[in-house]
Chemist: 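Have a look at this one.
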Amino acid sequence: MIESLFVLSPTGKVIIEKHWHELIPRRVVDFFNDQVSKAMAEGEDVTREDVLPIIASPKYQLINVYRDGLTYLSPVTKEVDPMMVFEFLHRIPDIMQEYFGQVSETVIKENFVTVYQLLEEMMDDGFPLTTEPNSLKEIVPAPNILNKVITTMGATTSVSTRKMPNGMSNLPWRKAGVKYNSNEIFFDIVEEIDAIVDSTGKAVSCEAHGTIQTNSRLSGMPDLTLSFVNPRLVDDCSFHQSVRFNKWESDKVLSFVPPDGHFRLMSYRVNLPSQQNLPIQVKPSINIGANGAKFDITVSLRNTDGKAVENVVLTLPLHKSTSTLTAQCNVGQYMFDPVGKVLRWDVGKIVPRERAPVLSGSFGFGSASSEAAANAGYNIGVEFLINSHSLSGLKVDVLKLFNESYKPYKGVRTMTKAGRYQVRA
Amino acid sequence: MADFIKQNAGRFFANNKKGENAELLADLNSEYRDRRKDAVKRVIANMTVGKDVSSLFPQVVKNMQTEDLEMKKLVYLYLMNYAKSNPDLVILAVNTFVKDTDHVNPLIRALAIRTMGCIRVDKILDHICEPLRKCLQDDNPYVRKTAAIGVAKLWDLDQERALENGFVTILQELVSDSNPMVVANAVTALAEMQESSVSKDIFVVNVAIMNKMLAALNECTEWGQIAILTSLADYKPMDAKEAENVCERVVPRLQHANGSVVLSAVRVIMIFLRYIRSEDFIKGLIKKMSPPLVTLLASAPEVQYVSLRNINLILQKRPDILQNDVRVFFCKYNDPPYVKREKLEIMIKLCNDKNIDQILSELKEYASEVDVDFVRKAVRAIGRCAIMIDEASERCVNVLLDLINTKVNYVVQEAIIVIKDIFRKYPKRYEAIIPTLCQNLDSLDEPEAKGSLIWIIGEYAERIENADELIENFLETFLEENSQVQLQLLTATVKLFMKKPDQSQEIVHRVLETATSEIDNPDTRDRAYIYWRLLSTNPEAARAVVLSEKPPISVETRTISPALMDELINNISTLASVYHKPPKAFMGNRAFSADAVKKAAAADARDEEQIIGDAVLDASGAPAPKNAMADLLDLDFGSSEPAYTSPPVSSSKPANNSGPNYSADLFDMSTDMSGSSGNVFGGMGGMGGMGGMGGMGGMGGMQQQQTQHQQQAPTPARNDPFGDLGGLGGFGQPQQQQPTKPTQSSAENDLLGLF
């Protein structure tokens with residue numbers, strides 16, 4: 001049972017307090033804040049992200065999620081499934097994002113009434129109720145210009161009382177009577193690469209996490225079957241509620257009646273072998289001396305099917321004792337943050353067969369340098385994006401439609417980007 | 001547009017304090033519907049920022065009678081907030097509520113019954129029963145499923161009334177409802193009620209109920225699936241066939257995007273595996289569980305954390321799972337520390353002779369990170385690998401030597417501590433590296449590292465040419481040393497004397513003299529007396545004691561006793577599985593022993609603020625498992641907590657290599673049951689372990705223990721649920737909160753120290 005929720009500002013102040021069951025006194029938040037500051041005082045490197053997500057107190061177990069500067073804290077008194085609490089707590093900012101376009105203290109304060117209405121609908125007496133954004137939007141109207149205008153003009157906007165909530169049809173995720181003039185469905189296949197690459201360019205660990213984000217604008221009750229050219233690539237997958245699992249097990253096809261609008265049809269994971277050709281190669285060389293180091297980093301393309309790699313950004317966190325840095329690069333621009341001790345190189349777009357971007361320079365340790373600085377390991381975080389490319393090679397084959405007579409337009413886009421991708425120097 | 005919204009929001013928060021309520025009052029009574037709605041919104045906005053708008057109660061409630069669903073909801077929101085403070089006024093709303101539960105629109109019926117249940121005021125109970133009964137039997141499943149939760153709400157406030165009105169029976173019937181979502185909610189409500197019921201007969205899962213739940217499982221929402229899977233786990237299958245059948249039905253849930261559904265399914269499968277006999281079937285299930293568990297590691301760090309803690313458990317029960325997936329547990333440099341630590345633990349559990357090279361190169365990589373604590377754990381992990389895998393020990397030692405050559409102070413010290421254990425495990429195999437270790441003598445400033453090196457010097461005194469010089473060197477600061485180092489020095493000197501009597505007669509005499517006359521610490525002093533007496537009365541006996549064969553050590557990767565393991569498997573995906581402690585250890589209503597009752601009384605007497613104020617666990621220390629290795633590493637030396645000096649002897653025979661865990665259990669249990677048994681343990685130990693000779697030492701120990709007990713008494717008394725029961729598993733408790741732990745381990749250490 002998830003009894004209460006406190007949403008805390010970056011300074012630990014309560015922005016939202018919601019009790020679905022009994023009231024939990026606010027002083028639990030003071031205790032929580034104390035624990036957080038205690039944990040963060042343990043070392044200079046300890047950040048808010050490093051604080052444990054479950055903190056015990058004699059009376060409550062403080063389950064908390066920290067996201068975008070806000071803390072979502074749920075104190076529980078009884079044994080609970082913490083994973084469920086986390087899943088639920090993450091839904092709250094997800095849905096606020098969906099409603100307001102962004103999530104911050106200000107946004108919440110500007111939309112208090114909507115937020116409270118949402119929280120009321122998302123939970124009943126500590127049990128999650130409606131958490132599907134599509135269904136929620138039918139019960140709690142999202143703020144938009146039209147709504148505002150109509151309200152101010154004094155006309156009626158409210159959700160019609162005659163509409164049935166989704167929960168009542170046989171397919172809880174799809175409402176009846178959807179109608180479009182042109183029937184279209186779009187699939188966005190986005191693959192994120194999680195990888196640890198060693199300094200020789202070999203992948204120590206490497207996997208692709210894909211999602212098929214779908215936007216369905218189809219009339220009536222379409223029954224779809226989507227097949228892939230090479231479905232056996234997938235090592236693990238999970239589906240939207242609408243997907244018939246048995247069909248996937250037997251035929252490796254996705255058979256489903258889609259919800260209306262945006263939804264995530266499928267998530268999948270593909271283990272990539274360590275000899276996998278990664279699209280981009282980052283070659284760092286860092287020569288550390290007693291007082292500093294010389295470095296150069298080269299980025300080159302490999303295996304992108306001739307496609308350009310965009311939004312390439314490299315981040316190199318340096319040792320805390322680093323005091324000076326000089327560098328030059330032939331492509332893009334770099335920035336050294338002297339407070340956070342992070343070197344960020346914005347490379348931009350890399351086109352195949354153009355000269356390889358290089359960043360070289362040196363940095364020096366301050367007076368308080370030690371063996372630890374000289375021996376510290378370096379990791380480069382890499383971000384990039386490749387359009388119309390799927391690293392795993394998963395490909396949509398055909399989409400078939402049953403139960404309706406129209407011919408839908410099918411759009412498929414693929415994209416590969418770096419997830420948690422890091423190169424060890 | 002942003003400006004527009006701001007203006008609009010500004011309207012809700014109009015700063016015009018004076019007369020704001022009056023203005024709202026006027027608007028609430030307005031003849032225009034939208035003006036009224038706007039006013040209600042402003043009232044809610046004021047309410048959310050903590051302004052008192054309770055005086056508007058009658059006017060707001062008047063707006064409840066509307067066909068506008070949003071308006072209705074806003075009023076309901078207001079009602080729920082103020083019902084507690086204005087219970088008399090709630091009666092004003094009751095009629096509308098009751099009327100709404102009869103509304104033609106099922107949405108309104110459901111909303112009314114839902115809200116009524118949320119108004120936790122006694123007065124409303126008199127009016128809720130009839131509407132609730134109607135809604136439970138409503139034609140519309142949406143209303144029925146809402147009403148099902150309504151029963152749980154009523155039960156929470158008044159169990160008698162819920163029983164009298166037959167709601168429990170109706171709810172039990174709803175488990176057979178045709179609509180899967182109604183079934184799921186009925187299960188949710190019943191499970192919740194069962195937990196708080198006295199008779200525990202509200203919801204007992206039998207074959208019929210199980211089949212109903214399985215039928216509903218695929219069709220209900222993710223949250224309903226969690227509820228069903230949780231209840232399914234309580235079912236006791238009649239035979240292997242049935243267990244297999246349930247597992248087959250549950251397996252597809254592993255493919256859910258919601259991590260909680262996945263873990264709940266894993267729990268059912270792990271529990272039902274106990275009943276299944278077919279090896280092939282078991283293998284198949286294990287194989288199917290691996291990929292979803294791996295996928296969970298790509299989620300948010302909190303989800304990763306819970307997954308990792310559970311994977312740790314599952315691995316101890318079923319070591320054959322995830323065998324080929326060690327790579328996914330490799331740490332990213334920006335993983336939060338709590339995730340890194342858990343990953344490290346799992347890497348060690350998955351370590352075998354095939355992947356050891358891969359793991360070693362990872363561990364070496366981690367040793368160059370900036371997080372000192374993590375670096376130390378990585379270095380210790382290398383030692384654990386060496387001890388676990390004989391063939392790889394040389395590679396591990398080489399990695400450790402590389403690390404020593406970095407000269408990074410804390411890495412060197414940690415490596416030396418670890419190498420001491422490798423020497424224990426493989427005596428005489430790696431003597432060649434002793435000179436390298438001795439080169440770092442001057443950089444050691446931590447007692448444990450110093451003690452380790454001194455132990456090595458003493459143990460290999462006959463092979464180290466200048467052993468006497470090295471010992472002499474350490475002895476210069478003998479009096480200033482931490483007692484742990486003093487004890488090691490004493491033992492090492494005696495060993496040196498046994499091995500090279502002619503070189504060191506003078507040293508040993510001087511040390512024993514100093515220790516017995518100038519040191520007040522009873523541990524050190526008494527050990528010196530024992531040695532002295534041994535040496536003077538019977539040198540042969542002394543040799544037998546001091547140079548006796550050391551018991552072998554091993555790394556126990558399964559740190560949990562089988563009984564606790566079973567209980568934890570039953571609790572996969574709960575807080576218990578995160579803490580690796582039985583639920584009763586940290587959740588209120590645990591059975592009190594006589595002693596604990598006293599403690600609880602003491603806790604009650606404390607200032608209310610303190611109830612929250614007393615931290616049981618330090619945030620960072622909480623469930624970080626204190627693993628078997630840590631115990632083993634502690635074996636030879638006093639605990640790292642200088643505050644708790646150790647009793648000189650202990651009962652546990654050193655040959656018990658899984659000793660740390662089991663005796664930890666024993667010891668903590670005894671502390672829990674009576675405050676003094678801990679002392680008895682220590683004192684008895686003196687008698688049993690060493691016979692007459694140890695008697696004197698035992699006395700010293702008693703004294704120590706007594707003072708210690710006084711120190712530790714307040715800790716469990718502070719309503720500290722982890723403190724006294726937490727030790728059951730012999731791990732997982734944060735050191736600072738567990739005075740018993742250091743005592744225990746040092747008790748063992750000391751005995752070994754004598755040799």
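Reminder, nothing fancy here: chain letters follow the sequence lines and each chain counts from 1.
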Chemist: Any side-chain to backbone donor/acceptor pair from A:Glu49 onto B:Asp335? Under 3.5 Å, distance only.
Modeler: no
Chemist: For chain A, find which of B:His256, B:Gln358, B:Arg35, B:Gln255 contributes the most heavy-atom pairs closer than 4.5 angstrom.
Modeler: B:Gln255
Chemist: Would you call B:Glu192 and A:Lys78 a salt bridge, using N to O less than 4.0 angstrom?
Modeler: yes
Chemist: Which bit of B:Leu575 is near chain A, if near means a heavy-atom gap under 4.5 Å: side chain, backbone, both or neither?
Modeler: both
Chemist: In the structure I gave you, are the side-chain heavy atoms of A:Glu207 and B:Val328 within less than 4.5 Å of one another anywhere?
Modeler: yes
Chemist: For residues A:Asp81 and B:Thr230, determine if any side-chain heavy atom of one lies less than 4.5 Å from a side-chain heavy atom of the other.
Modeler: no
Chemist: Side chain from CB out, backbone as N, CA, C, O: work out which of these in A:Arg420 comes under 4.5 Å of a heavy atom of chain B, or both, or neither.
Modeler: both
Chemist: Let me confirm one number: the CG-CG distance from A:Asp235 to B:Asp325, rounded to the nearest 0.5 Å.
Modeler: 9.0 Å
Chemist: So A:Gln117 and B:Glu70, do their side chains get closer than 4.5 Å, heavy atoms only?
Modeler: yes
Chemist: Contact part of A:Ile15 toward chain B, heavy-atom cut-off under 4.5 Å: side chain, backbone, both or neither?
Modeler: neither
Chemist: Which heavy atom in A:Met84 sits nearest to a heavy atom in B:Ser260, and how many Å separate them?
Modeler: CB-OG, 3.3 Å
Chemist: Run the side chain to side chain contact (heavy atoms under 4.5 Å, CB included) check on B:Glu222 and A:Thr131 step by step: do they pass?
Modeler: CA-CA 10 Å; B:Glu222 50 197 311; A:Thr131 51; 3.9 Å; yes
Chemist: What residue, out of B:Val375, B:Asn334, B:Val306, B:Thr574, has the most heavy-atom pairs lying under 4.5 Å from chain A?
Modeler: B:Thr574
Chemist: Does any heavy atom of chain A fall under 4.5 Å from the side chain of B:Met47, the backbone, both, or neither of them?
Modeler: neither
Chemist: Looking at A:Ile63, A:Val204, A:Asp194, A:Val65, which makes the most heavy-atom pairs under 4.5 Å with chain B?
Modeler: A:Val204
Chemist: Check side chain to side chain contact (heavy atoms under 4.5 Å, CB included) between A:Thr211 and all other residues, then give those that pass, not counting sequence neighbours.
Modeler: A:Val190, A:Gln213, A:Arg264, A:Ser267
Chemist: Below 4.5 Å, heavy-atom pairs only: which of B:Lys72, B:Glu362, B:Glu369 has the largest tally toward chain A?
Modeler: B:Glu362
Chemist: With rounding to the nearest 0.5 angstrom, report the CD1 to OH distance, A:Ile54 to B:Tyr579.
Modeler: 6.0 Å
Chemist: Using a cut-off of under 4.5 Å on heavy-atom pairs, state which of B:Asn81, B:Ile44, B:Asp156 scores highest against chain A.
Modeler: B:Asp156
Chemist: Give the table of side-chain donor-acceptor pairs shorter than 3.5 Å for residues 120-130 of chain A, with sequence neighbours excluded, one pair per line with atom names and distance.
Modeler:
from	atom 1	to	atom 2	distance (Å)
A:Glu120	OE1	A:Lys18	NZ	2.5
A:Glu121	OE1	B:Arg114	NH2	2.8
A:Glu121	OE2	B:Lys73	NZ	3.1
A:Glu121	OE2	B:Arg114	NH2	3.3
A:Asp124	OD1	B:Lys153	NZ	2.6
A:Asp124	OD2	B:Lys153	NZ	3.4
A:Asp125	OD1	A:His21	ND1	2.8

Chemist: Determine the minimum heavy-atom distance between B:Ser573 and A:Pro82, stating which atoms define it.
Modeler: O-CD, 3.5 Å
Chemist: Roughly how far, to the nearest 0.5 Å, is the CG atom of B:Leu74 from the OH atom of A:Tyr116?
Modeler: 13.5 Å
Chemist: Measure distances from A:Arg91 to the heavy atoms of chain B and classify the residue's part below 4.5 Å as side chain, backbone, both or neither.
Modeler: side chain
Chemist: Measuring from atom NZ of B:Lys41 to atom OG1 of A:Thr114, what distance do you get when rounded to the nearest 0.5 angstrom?
Modeler: 6.5 Å
Chemist: Specify the closest pair of heavy atoms between A:Asp50 and B:Pro336, including all atoms of both residues, with the distance to one decimal.
Modeler: OD1-CA, 4.0 Å
Chemist: Between A:Asp30 and chain B, which part of the residue has a heavy atom less than 4.5 Å away: side chain, backbone, both or neither?
Modeler: neither
Chemist: Heavy-atom distances under 4.5 Å only: say whether A:Glu87 touches chain B with side chain, backbone, both or neither.
Modeler: both
Chemist: Is a side-chain donor or acceptor of A:Gln422 paired with a backbone partner of B:Tyr333 at a separation under 3.5 angstrom?
Modeler: yes
Chemist: To the nearest 0.5 Å, what is the distance between OG on B:Ser577 and CD on A:Glu79?
Modeler: 7.5 Å
Chemist: Which bit of B:Ile572 comes within less than 4.5 Å of chain A, counting heavy atoms only: side chain, backbone, both or neither?
Modeler: neither
Chemist: Is chain A contacted by the side chain of B:Leu297, its backbone, both, or neither, given a heavy-atom distance below 4.5 Å?
Modeler: backbone
Chemist: Using non-hydrogen atoms only, which part of B:Gln225 is less than 4.5 Å away from chain A: side chain, backbone, both, or neither?
Modeler: neither
Chemist: Where does A:Phe88 contact chain B at under 4.5 Å (heavy atoms): side chain, backbone, both or neither?
Modeler: both
Chemist: I'd like to know whether B:Thr221 forms a side chain to side chain contact (heavy atoms under 4.5 Å, CB included) with A:Glu132, so could you lay out the CA-CA distance, the side-chain angles of the two residues, the decisive distance to 0.1 Å, and finally the verdict.
Modeler: CA-CA 10 Å; B:Thr221 67; A:Glu132 277 265 314; over 6 Å; no
Chemist: Measure distances from A:Phe239 to the heavy atoms of chain B and classify the residue's part below 4.5 Å as side chain, backbone, both or neither.
Modeler: both
Chemist: Which region of B:Val294, side chain (C-beta onward) or backbone (N, CA, C, O), has a non-hydrogen atom less than 4.5 Å from a non-hydrogen atom of chain A, or is it both or neither?
Modeler: both
Chemist: Could you tell me the separation between the OG atom of B:Ser307 and the CE atom of A:Met83, rounded to the nearest 0.5 Å?
Modeler: 3.5 Å
Chemist: Between B:Ala189 and chain A, with a heavy-atom cut-off of 4.5 Å, which part of the residue counts as in contact: side chain, backbone, both or neither?
Modeler: neither
Chemist: Does any backbone or side-chain atom of B:Tyr366 lie under 4.5 Å from a heavy atom of chain A? Answer side chain, backbone, both or neither.
Modeler: side chain
Chemist: Assess whether atom CG of B:Asn324 is packed by more than 12 heavy atoms of other residues, nucleotides or ligands within 6.0 Å.
Modeler: no
